[in-house]
Amino acid sequence: WRTPDDQPSPPEPERTYRLQKVAHYDYVWADGTPSARVVKFDKIDADTGEFCGKTFKQQRWDGEADTYLTRIADLKVPVYHADLVQAAVVMGLPIYIREGEKDADAAVNAFKVVTTTNPGGAKKWREHHTEALRGASTVIIVSDNDRAGRDHAEMVRAALEPVVGSVVVKAA
């Protein structure tokens, strides 16, 4: 027997929502040719019209069809702004790493610095991303101020230390 306070709460009804595209971020190979696109959508509650979250979808560039396709499969997506990153490595310019495309673009626009990220957010750094920065003189990783952001920054730092001149981690 349970008292009313011991009774489990009924589950929240499942929300239905529609997706509203708010941005897209194009990834290019080091030579500037298209590779992939990350599309950001807001989830909008179908009943109330209120914002109820966000989601991202990745797309692969198909040169033959001259369009982006939703099946990304086994594509090794390069770092964001790979063309600028490669030029910065060659010229010995510092390279900043942020946790998302929006933050990377904000830094580029505000401070006119080379800024990159990896697709998929925290904990999605891959070996080929490390290789894209091999030989860089200085890399500054700006971590998000949460556990996932700090863990991601440390993971990227550990991957880069053997292949770049210096790595600094700073909190956002």
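- Hydrophobic clustering keeps Leu84 apart from Tyr96 (ILVMFWY residues linked when any side-chain heavy atoms are closer than 4.5 Å, directly or through intermediates).
- Pairing each heavy atom of Gln58 with each of Gly120, the nearest pair is NE2-N, 3.8 Å.
- Side-chain contact between Leu19 and Lys57: present, with at least one pair of heavy atoms (C-beta onward) separated by less than 4.5 Å.
- Between Val39 and Lys21 there is a side-chain heavy-atom pair separated by less than 4.5 Å.
- Hydrophobic cluster membership is shared by Phe111 and Val142, with clusters built from Ile, Leu, Val, Met, Phe, Trp and Tyr side chains linked at under 4.5 angstrom.
- Asp31 meets the side chain to side chain donor-acceptor pair (under 3.5 Å) test with Thr33; sequence neighbours excluded.
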For residues 132-141, dump all side-chain donor-acceptor pairs below 3.5 Å to protein atoms at least two apart in sequence or in another chain.
unit_1	atom_1	unit_2	atom_2	d
Arg134	NE	Glu131	OE1	2.8
Arg134	NH2	Glu131	OE2	2.9
Ser137	OG	Gly92	O	3.0

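- Identified under the salt bridge (Lys or Arg N to Asp or Glu O under 4.0 Å) test for residues 91-103, with sequence neighbours left out: Arg98-Asp103.
- Smallest separation of non-hydrogen atoms from Lys54 and Phe51: N-CZ, 4.2 Å.
- When the side chain to side chain contact (heavy atoms under 4.5 Å, CB included) test is applied to Leu75, the partners found at least two apart in sequence or on another chain are Trp29, Ser35, Ala36, Arg60, Ile72, Val77.
- The only member of Asp105, Thr115, Thr116, Thr117 that meets side-chain hydrogen bond (donor to acceptor under 3.5 Å, both in side chains) when paired with His81 is Asp105.
- With a 6.0 Å radius and a threshold of 12 heavy atoms from other residues, nucleotides or ligands, Tyr25 has its OH atom above the threshold.
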Pairs of donor and acceptor atoms involving the side chains of residues 155-171, under 3.5 Å and at least two apart or interchain, shall be tabulated with distances.
unit_1	atom_1	unit_2	atom_2	d
Arg157	NE	Glu154	OE1	2.7
Arg157	NH1	Glu161	OE1	2.9
Arg157	NH1	Glu161	OE2	3.1
Arg157	NH2	Glu154	OE1	2.8

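- A 4.5 Å side-chain heavy-atom check between His129 and Pro119 finds at least one atom pair inside the cut-off.
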Check the pair Asn145, Arg150 against side-chain contact (heavy atoms from CB on, under 4.5 Å), reporting the backbone distance first and the verdict last.
-> CA-CA 7 Å; Asn145 193 20; Arg150 290 186 295 273; 3.3 Å; yes
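- No single ILVMFWY cluster, assembled from side-chain heavy atoms under 4.5 Å apart, contains both Tyr27 and Val79.
- Expressed to the nearest 0.5 Å, how far CZ of Phe56 lies from NE2 of His24 amounts to 14.0 Å.
- By the ring-ring contact (aromatic ring centres under 6.0 Å, His included) test, Tyr68 is found to be paired with Trp61, residues two or more places apart in sequence or in another chain being considered.
- A distance of 15.0 Å separates CD in Glu50 from NZ in Lys43, rounded to the nearest 0.5 Å.
- Residue Gly149 comes nearest to Ser143 through the heavy atom pair O-CB, 3.6 Å, listed as atom of the first residue, atom of the second, then distance.
- In plain terms, the two heavy atoms of Gly49 and Ile44 that are nearest each other are O-CG2, 3.4 Å.
- One hydrophobic cluster holds both Tyr80 and Val38 under the rule that ILVMFWY side chains link at heavy-atom gaps under 4.5 Å.
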Decide side-chain contact (heavy atoms from CB on, under 4.5 Å) for Asn118 and His152; before the verdict, give the C-alpha distance in whole Å, the side-chain angles of both, and the deciding distance to 0.1 Å.
-> CA-CA 11 Å; Asn118 57 278; His152 175 72; 3.3 Å; yes
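- Screening Thr70, Leu69, Asp26, Thr67 against Gln59 for a side chain to side chain contact (heavy atoms under 4.5 Å, CB included) leaves a single residue, Thr70.
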